[in-house]
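For reference, the structure discussed in these notes is given below.
Here is how names work: the chains are called A, B, and so on, in the same order as the sequence lines, proteins then strands, and each is numbered from 1. These numbers were taken from a predicted model, which means no experiment stands behind them.
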2 protein chains.
Amino acid sequence: MPMPTSDRPARRSAGRPANSTITREAIVNVALDQLDRVGAHAFSVRDVARSLDVYPSTIYWHVESKEALLAEVASLVMTGAIPPRGSGDWKTWLRSLFKRYRKAVLKHPNVAQLLGAQLVSNASLSIDLIEGVISVLLEAGATEANLREAYNCVISAMTGFMTMELAPMPLDDPKGWAAALEGRVRSIDPLEHPTLTRHLHLLANKAFILRWQNGSQVPLTSSFNAHVEIFLAGLEVFLSQENDSVD
Amino acid sequence: MPMPTSDRPARRSAGRPANSTITREAIVNVALDQLDRVGAHAFSVRDVARSLDVYPSTIYWHVESKEALLAEVASLVMTGAIPPRGSGDWKTWLRSLFKRYRKAVLKHPNVAQLLGAQLVSNASLSIDLIEGVISVLLEAGATEANLREAYNCVISAMTGFMTMELAPMPLDDPKGWAAALEGRVRSIDPLEHPTLTRHLHLLANKAFILRWQNGSQVPLTSSFNAHVEIFLAGLEVFLSQENDSVD
DNA sequence: ACCTGAACACCGTTCAAGT
DNA sequence: ACCTGAACACCGTTCAAGT
């Protein structure tokens, strides 16, 4: 059957509709819903069209590609994640940035895959974020010689951890796969890997590579917080290193 | 035409072949080639089958799924990236780990997408890596109270930066997209974003969000090195914090 | 045991045609 | 301007059937 959905009774005829509900904004909202439900891998523009009860080609009148749609979705999730300036020193501002980013992404865990590994980030992360990071780094003592490096490290610190934390589990057979990994983890040879064996109880299902559930089911909050503090402490050391010629 | 390839003259008939060239290993090697050429997004098991001049279903006799195949490819790239124990102190070992990881991934940039954002990492990163990281962290002074956090930060520091650095550019229209971003970057309003404008020359095409080529075309080596040093310095601070009860 | 060949249930995207 | 309807060129995966 050629209908987008089989149970919807009223079929819209061609031409400009009286009630123009199919806006770009509506498409993006539905797309975010889809992404939340099925993940980036199973996300399809045909499903978005089905939810809106239109043909797939309709989507392409409002949006240029699947990629552009996902970029828009990602930037929707990111709105409001940048802290205002003037709230404390550089460490406070960066800490606030990281925490706001985490909060925003945890509301829609599947966007982490977009922000980290697809260059969607280029379109989704705002110019204001960049301006804020640079200002704060200069305030922290960054120079022409190390500003670029410090900036790149801030952006990667912001996104990197959560990209891994929220990486998707294998799609099919989630139960069997989890059981298999759990079995593999629990049957590690104590003779070959004594240290791992001794500390496995601390790590099982709460550490990268050794877990069978991802961050949306088992958040790694304390590790993320450690990650932030490690980065801030390290950045301070890094920025104070080449300052022998300044003072 | 039903043939997998149209130009190959000799078509294999069904049944067990005399020269059994289609091994699991051969499939993984061809898959790595494919991944290097087309990227994770365009990678298809049908293309792998075409390269081997067999039907797609043949692949599925040797390998359980596309996902499992990519996991195998990733772990192939990772072999040998773990430094041997006993070479210096914990900082030296971790630095060596990060540099080896970078070297291995740069040889096959498209696996970065697999290692970072898909949970392929679970299958691809080895148990030996875990054992090494834990040992070295204990040597560095990690306790039961912070081992898990430190471990998670090491793994994320290893993969996070490069996942972003090697994130794929938009597939279609790469030239137009690059020009568009370049234009957008160069036309930033100096009044609204004065700091960014002043330092844009340092960042253009060499910084996250502000670049139009990815890490395989424009490597961010100095930033990665800074990232490593920032992490190591920060980790040292982190591990020495709760040690007031020890000495 | 290992492969063919066909089929199933999907995709993203394009484009003429309608109103 | 905005949508239909059909089509194109693909996918991953399954499964009976061959040898």
Worksheet item: Is any side-chain nitrogen or oxygen of A:H62 closer than 4.0 Å to OP1 or OP2 of D:dA1?
Response: no
Practice prompt. State which of C:dT13, D:dT13, C:dC3 makes the closest approach to the side chain of B:P56.
Written response: D:dT13
Fill in: Interatomic distance, A:K66 NZ vs D:dC11 P [rounded to whole Å]
14 Å
Discussion item. Taking the ring of A:Y101 and the ring of A:F161, is the distance between their centroids below 6.0 Å?
Written reply: no
Worksheet item: According to the Watson-Crick and G-U wobble definition with distances under 3.5 Å, which dot-bracket string, read 5' to 3', encodes DNA chain D, using [ ] for crossing pairs and | for pairs with another strand?
Response: ||.|||||...|||||.||
Worksheet item: If we take the C1' atom in both C:dC10 and D:dC8, what is their distance in whole Å?
Response: 15 Å
Response to the item:
Of B:D47 and B:S57, the one whose closest nucleotide on DNA chain D sits nearer the 5' end is B:D47
Worksheet item: When we call it a touch if two heavy atoms are under 4.0 Å apart, what does B:S44 touch: a base, just sugar-phosphate, or nothing?
Response: sugar-phosphate
Worksheet, complete the sentence: Of A:H227, A:K103, A:M158, A:M162, the one forming a side-chain contact (heavy atoms from CB on, under 4.5 Å) with A:F98 is A:M158
Discussion item. Measuring to OP1 and OP2 of D:dC11, would you say a side-chain N or O of B:R50 lies under 4.0 angstrom away?
Written reply: yes
Worksheet item: What nucleotide, of D:dC11, C:dA1, D:dA7, holds the atom closest to the side chain of B:W61?
Response: C:dA1
Item to complete: For the pair A:H62 (side chain) and A:I22 (backbone), establish whether a donor and an acceptor sit closer than 3.5 Å, ignoring hydrogens and angles.
Response: yes
Fill in: Salt bridge A:E64-A:R24, side-chain N to carboxylate O under 4.0 Å
yes
Discussion item. Under 4.0 Å from OP1 or OP2 of D:dT4: is there any side-chain N or O of A:T58 that close?
Written reply: yes
Item to complete: Taking only Lys NZ, Arg NE, NH1 and NH2, and the carboxylate oxygens of Asp or Glu, determine whether B:R102 and B:E165 approach each other closer than 4.0 Å.
Response: yes
Discussion item. Check the phosphate of C:dC3 against B:Y55, side-chain N and O only, distance under 4.0 Å to OP1 or OP2. Yes or no?
Written reply: no
Worksheet item: Does A:R46 reach the main-chain N or O of A:P56 with its side chain, forming a donor-acceptor pair under 3.5 Å?
Response: no
Worksheet item: Does B:E149 have any salt bridge (Lys or Arg N to Asp or Glu O under 4.0 Å) partners at least two apart in sequence or in another chain, and if so, which?
Response: none
Worksheet item: Please give, in whole Å, the distance from D:dT14 P to B:I59 CD1?
Response: 14 Å
